[in-house]
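First comes the structure, then the notes that go with it.
In this text the structure is predicted, and so the values were computed from the model without any measurement.
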Amino acid sequence: MTEPDRPTGPGQPAPQEREARSPRPVLELDQSASASEYDPAADPDGDGGRVRRFWSVRRVPAALVALVVVGGAGLLLYDVAAVRADRPAMRWRRALADHLAEWRLDEIAVLAGAGVAMLLGLWLILLAVTPGMRALLPMRRDRPHVRAGLRREAAALVLRDRAMEVSGVQSVQVRMGRSKASVRARAHFRDLDDVRADLDEALGAALHELGLARPPDLAVHVGRPPAKKR
């Protein structure tokens, strides 16, 4: 059952006109009490939460580790084969063996070397189990066989250009991270609350249009430019 249209006065628009004039929100943003921090609403389009980050191939660390291991193993194998052939061991190996025989396990140099080796091993393990490519933000997958990503610098540039289009904004600084986009703007005229509200709407629409799989939180800070010293 539908309700009949309520009568409107001569100065009141019709319900259809009121719906057409009322702007539709691009993103539902929750404002914090202290700063202008916002959590993006869940994207109704696609399954953005299932998109994973890009994995780095890490050719340079892998090549360096492979060269060090192959070089050390080849040199040690050659020296062992020379000793087996009744030839004297290399001078560096004999000096190293004599030097290591004089060291104690509780010496600072031994502990420092063990710590460096442990940190290097942990770093290699961390590189192996983490995807890397932190500067590349994954985008939504509209097609199952196509993956796309957007660099942070490009996303920050888009937000900066969109913020500069807001009336009253003099300068903008954008720091784009994987989970948060921090925007600091300078407004040389208009009320700061009005400028911040326009920035919230414009940047929220820009984040939605970027098509990121995990849209970052938006933090907007608006202030006046510093006074010029005479």
Side-chain angles (χ1 to χ4, degrees), residues 6 8-51 53-54 133-142 148-230:
R6 296 180 180 179
T8 59
Q12 298 179 354
Q16 293 80 1
E17 297 180 0
R18 289 198 300 266
E19 293 178 0
R21 293 179 183 178
S22 61
R24 298 180 60 186
V26 180
L27 286 177
E28 297 179 0
L29 304 176
D30 301 328
Q31 185 172 4
S32 174
S34 58
S36 298
E37 295 185 358
Y38 303 89
D39 295 330
D43 184 13
D45 303 329
D47 51 353
R50 300 180 183 178
V51 179
R53 290 171 54 188
F54 290 88
M133 303 289 287
R134 299 179 61 87
L136 194 61
L137 302 175
M139 303 178 67
R140 292 192 302 266
R141 299 187 63 175
D142 297 332
L150 183 65
R151 297 191 64 86
R152 291 188 191 180
E153 294 82 359
L157 184 60
V158 171
L159 294 183
R160 179 185 177 277
D161 293 342
R162 190 63 62 88
M164 290 298 297
E165 296 176 357
V166 176
S167 177
V169 175
Q170 184 181 21
S171 62
V172 181
Q173 293 181 353
V174 180
R175 295 184 59 183
M176 191 72 179
R178 291 193 302 111
S179 59
K180 183 177 180 180
S182 179
V183 180
R184 294 185 177 274
R186 300 288 186 179
H188 57 291
F189 70 93
R190 294 183 66 195
D191 186 70
L192 295 182
D193 293 336
D194 296 339
V195 175
R196 182 164 50 189
D198 293 344
L199 284 174
D200 293 337
E201 182 178 359
L203 296 178
L207 285 177
H208 179 74
E209 294 172 359
L210 288 178
L212 299 177
R214 299 178 181 86
D217 299 339
L218 179 62
V220 180
H221 305 274
V222 183
R224 295 296 184 188
K228 297 182 179 179
K229 296 182 179 181
R230 296 181 180 178

From CE (Met164) to CG (Leu199), nearest 0.5 Å: 10.5 Å
Side-chain heavy-atom pair Pro138, Arg214 within 4.5 angstrom cut-off: yes
Would you give the length of the straight line joining atom NE2 of His221 to atom CG of Leu192, rounded to the nearest 0.5 angstrom? 13.5 Å
Show the nearest heavy-atom pair for residues Pro216 and Leu207, with the distance to one decimal. O-CD1, 3.9 Å
Would you give the length of the straight line joining atom OG of Ser182 to atom CE of Met176, rounded to the nearest 0.5 angstrom? 11.0 Å
Nearest non-hydrogen partners of Ala185 and Val169, listed with the distance: CB-CG1, 4.4 Å
What are the two closest heavy atoms between Asp200 and Leu218, and how far apart are they? O-CD2, 4.4 Å
Of all heavy-atom pairs between Val195 and Val166, which one has the smallest distance, and what is that distance? O-CG1, 4.4 Å
In short, Gly149 meets Leu136 closest at the heavy-atom pair C-CD1, 3.8 Å
Roughly how far apart are Arg175 CZ and Leu159 CG, rounded to 0.5 Å? 14.0 Å
Counting only heavy atoms not in Gln173, do more than 12 sit closer than 6.0 Å to its CD atom? no
Heavy-atom pair with the smallest gap, counting every atom of Arg162 and Leu203: CB-CD2, 4.5 Å
N/O donor-acceptor pair under 3.5 Å between Arg152 side chain and Arg134 backbone: yes
Within the 4.5 Å heavy-atom criterion, are Arg190 and Val222 side-chain neighbours or not? no
Rounding to 0.5 Å, atoms CG (Asp198) and CG (Asp193) come to a distance of 11.0 Å
Main-chain N/O of Arg224 paired to Arg186 side chain as donor or acceptor, under 3.5 Å: yes
